[in-house]
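These notes are about the structure you will find just below.
Quick note: numbers below take in every heavy atom, side chains included, and nothing from hydrogens, waters or symmetry partners.
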Amino acid sequence: DRKRGMTQNTTDREAAVQLPPEGCVIEFFGLPGSGKTTTARALYLQMRDAGHTVTFAPELTGDEFTKWKRNTIRLGLILRALPRTWRRIPLLLDTFRVPQKAFIDKLKAVYNSWTVLSVLAIAQPRSGYLIFDQGIAQATWSVLLNAARDDADFLLDEYSSEPCWHIVMLDLSVEKLKTRLKLRPQKHSRLQKTAGSSADALWIRAETLAVRIATALDAQNNTTVQHLTSDNHAPENLANQVLEQLDQTNRQRTPDAAVN
């Protein structure tokens, strides 16, 4: 009964907010361990249960499967989206040309960026909502983190492709992020694999890049950036804050919504 009551309260709250027009892309951004995927999933479930047409990017990219199957799914996604993404090949070539410390980093940069562009093409956010747990901002951050110089901001130009982007930046102290990452059995992030003084320098760079990207996004006409502190907050509560901010942003853009 308690769970049913909590679900009903969430649904009632969602019914009261005025979300942006169908077609808005909601993207989570933050350092590894900040809770992007967990919070994005909570938001997806709340919006889906409220009757919205919403796509959760990790379901398209097979994030819940093993590495081999996940990569198979992503390659299939890239091939399926190719008729719509082939015009982005020059951008991907620019991504490949960004100097990296290792050749494999170049391949990963192109692969991750192409995956995000393919999700955006396949999901067709104009007919519903699309939620990224890691989107263009995260791909840009990843490319820059490993790059020998800072010249991959051109990826942020992709935000002009959709009329409505809501970026949710999850903030958490470095010490708490490190604690969370230590509890993860898989070590996907370079921040987990680097040790000693090099790790301290890498964390400083990671934070600096995240702030720089968020600032650049905030200056774009069709994007809004929302900062949330993910420490000691349940994912469902953070998702509610996102919905409330979407409501506020939509009412500012369309004053008639406040009257209705």
Side-chain angles (χ1 to χ4, degrees), residues 19-31 34 36-37 39-40 43-44 47 54-58 60-61 77-78 81 84-98 109-147 150-171 206 208-228 242-243 245-250 252-254:
L19 294 180
E22 296 284 327
C24 193
V25 180
I26 304 167
E27 177 181 346
F28 286 78
F29 176 49
L31 298 184
S34 57
K36 298 182 295 295
T37 302
T39 309
L43 178 64
Y44 162 66
M47 294 182 69
V54 56
T55 300
F56 189 42
L60 292 179
T61 55
L77 179 72
I78 289 172
R84 300 177 187 175
T85 60
W86 66 270
R87 292 184 180 87
R88 300 292 193 274
I89 289 179
L91 178 144
L92 295 169
L93 290 175
D94 287 341
T95 303
F96 183 79
R97 295 188 188 104
V98 175
V110 172
Y111 180 54
N112 292 334
S113 300
W114 206 339
T115 299
V116 171
L117 294 175
S118 297
V119 169
L120 188 60
I122 292 295
Q124 294 182 322
R126 293 175 186 83
S127 61
Y129 297 96
L130 171 60
I131 298 177
F132 276 110
D133 64 329
Q134 299 185 63
I136 295 174
Q138 204 71 32
T140 304
W141 175 86
S142 182
V143 172
L144 288 171
L145 182 67
N146 299 330
D150 295 348
D151 59 353
D153 285 2
F154 56 83
L155 286 168
L156 299 181
D157 293 339
E158 287 301 302
Y159 283 100
S160 62
S161 65
E162 297 295 329
C164 174
W165 287 82
H166 186 74
I167 314 297
V168 182
M169 185 168 181
L170 295 178
D171 299 315
T208 302
L209 289 173
V211 172
R212 169 180 153 189
I213 291 171
T215 301
L217 291 175
D218 207 23
Q220 301 238 10
N221 292 328
N222 61 329
T223 63
T224 56
V225 179
Q226 177 182 10
H227 290 263
L228 291 178
V242 174
L243 288 171
Q245 182 61 52
L246 284 168
D247 171 61
Q248 180 179 341
T249 301
N250 187 50
Q252 290 173 349
R253 288 177 173 172
T254 56

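Contact of the Met47 side chain with the Ile131 side chain is registered, since non-hydrogen atoms from C-beta on lie closer than 4.5 Å. Residues Thr55 and Leu60 have side chains in contact (heavy-atom distance under 4.5 Å, counting atoms from C-beta outward). In this structure the side chain of Leu156 reaches within 4.5 angstrom of the side chain of Gln220, judged on heavy atoms. Asp94 is not listed as a side-chain neighbour of Val98, based on a closest heavy-atom distance of 4.5 Å or more. Counting heavy atoms from C-beta on, the side chains of Leu130 and Val119 come closer than 4.5 Å. Between Leu117 and Leu91 there is a side-chain heavy-atom pair separated by less than 4.5 Å.
Thr85 OG1 to Leu77 CG: the interatomic distance, rounded to the nearest 0.5 Å, is 9.0 Å. The line from CZ of Phe28 to CD of Gln226 is 8.0 Å long, rounded to the nearest 0.5 Å. To the nearest 0.5 Å, atom OG1 of residue Thr224 and atom CG of residue Leu246 are 7.0 Å apart. Within the model, atoms CG of Leu228 and CE of Met169 stand 11.0 Å from one another, a figure rounded to the nearest 0.5 Å. In this structure, Ser113 OG and Phe96 CZ are separated by 12.5 Å, a value rounded to the nearest 0.5 Å. Note that CD1 of Ile78 and CD1 of Ile122 are 11.0 Å apart. Values are rounded to the nearest 0.5 Å.
Although no hydrogens or angles enter the test, the distance criterion places a donor-acceptor pair under 3.5 Å between the side chain of Thr223 and the main chain of Leu217. With hydrogens and angles ignored, the 3.5 Å screen pairs a side-chain donor or acceptor of Thr215 with a backbone N or O of Val211. Of the possible polar contacts, none joining the Trp141 side chain to the Leu209 backbone as a donor-acceptor pair under 3.5 Å is found. With hydrogens and angles ignored, the 3.5 Å screen pairs no side-chain donor or acceptor of Asp133 with any backbone N or O of Ala57. Under a 3.5 Å cut-off, the side chain of Gln134 and the backbone N or O of Ala139 do not form any donor-acceptor pair. Side-chain N or O atoms of Lys36 include one that pairs as donor or acceptor with a backbone N or O of Leu31 at under 3.5 Å.
Considering all non-hydrogen atoms of both residues, Val242 and Ile26 come closest at CG1-CG2, 4.5 Å. Taking both residues in full, the closest heavy atoms of Ala121 and Arg84 are given as O-NH1, 2.7 Å, listed atom of the first, atom of the second, then distance. Residue Val143 comes nearest to Ala109 through the heavy atom pair CG2-CB, 3.6 Å, listed as atom of the first residue, atom of the second, then distance. Nearest approach of Gln138 to Gly30, heavy atoms of both residues: NE2-O, 2.8 Å.
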Next on the checklist: Could you walk me through whether Val168 and Thr39 satisfy the side-chain contact (heavy atoms from CB on, under 4.5 Å) test, starting with their C-alpha distance in whole Å, then the side-chain angles of each, then the deciding distance to 0.1 Å, before giving a yes or no?
Outcome noted: CA-CA 10 Å; Val168 182; Thr39 309; over 6 Å; no

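Classified by interplanar angle (parallel below 30°, tilted 30° to 60°, perpendicular above 60°), the ring pair Trp165/Phe132 is parallel.
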